[in-house]
Amino acid sequence: MLKKDASYYDQHSFSSTAPEPVQMAIDTDAWISDAENLAPYLKTLSEREQRWVIEHAVHDQAPRMIAAKYNVSVETVKGWRKGALAKLRKYVK
């Protein structure tokens, strides 16, 4: 991804008069609140399935990023997703 970004910036020229990028403040209270809202649903899931829900739904991480973080394969993370979604569908019905 870094190579792709570097290549993009090498190929495209940007004017020096462009405004500075806006720094966004991370609202930690917002994602903590999201995790608290998910708490009743997380009780029905295994630890790994909970990891997937929190990383994906709260932190908006892609499967490959979750896999890298927990040192597992992308297919393993997809298995967590499959199990979590199946259990959550049963819980919601």
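Note that the numbering runs from 1 along the sequence shown for the chain.
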Colleague: For residues 40-55, please give each side-chain donor-acceptor pair under 3.5 Å, one per line with the distance, not counting sequence neighbours.
Modeller:
residue: Thr44; atom: OG1; partner: Tyr41; partner atom: O; Å: 2.9
residue: Ser46; atom: OG; partner: Glu49; partner atom: N; Å: 3.3
residue: Ser46; atom: OG; partner: Glu49; partner atom: OE1; Å: 3.3
residue: Glu47; atom: OE2; partner: Arg51; partner atom: NH2; Å: 3.1
residue: Glu49; atom: OE1; partner: Ser46; partner atom: N; Å: 3.0
residue: Glu49; atom: OE1; partner: Lys87; partner atom: NZ; Å: 2.9
residue: Gln50; atom: NE2; partner: Leu42; partner atom: O; Å: 2.8
residue: Gln50; atom: NE2; partner: Leu45; partner atom: O; Å: 3.1
residue: Glu55; atom: OE2; partner: Lys69; partner atom: NZ; Å: 2.8
residue: Glu55; atom: OE2; partner: Tyr70; partner atom: OH; Å: 3.1

Colleague: Under a 4.5 Å side-chain heavy-atom rule over Ile, Leu, Val, Met, Phe, Trp and Tyr, are Val72 and Met65 clustered together?
Modeller: no

Colleague: Once side chain to side chain contact (heavy atoms under 4.5 Å, CB included) is applied, do any residues pair with Ala68, and if so which ones, sequence neighbours excluded?
Modeller: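 Once residues adjacent in sequence are excluded, Ala68 has no partner under the side chain to side chain contact (heavy atoms under 4.5 Å, CB included) criterion.
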
Colleague: I need the Asn71 CG to Thr76 OG1 distance, nearest 0.5 Å.
Modeller: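 The OG1 atom of Thr76 is 10.5 Å from CG of Asn71, to the nearest 0.5 Å.
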
Colleague: Hey, could you give me each pair passing side-chain hydrogen bond (donor to acceptor under 3.5 Å, both in side chains) that has a residue in residues 77-86? Not counting sequence neighbours.
Modeller: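 For residues 77-86: none.
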
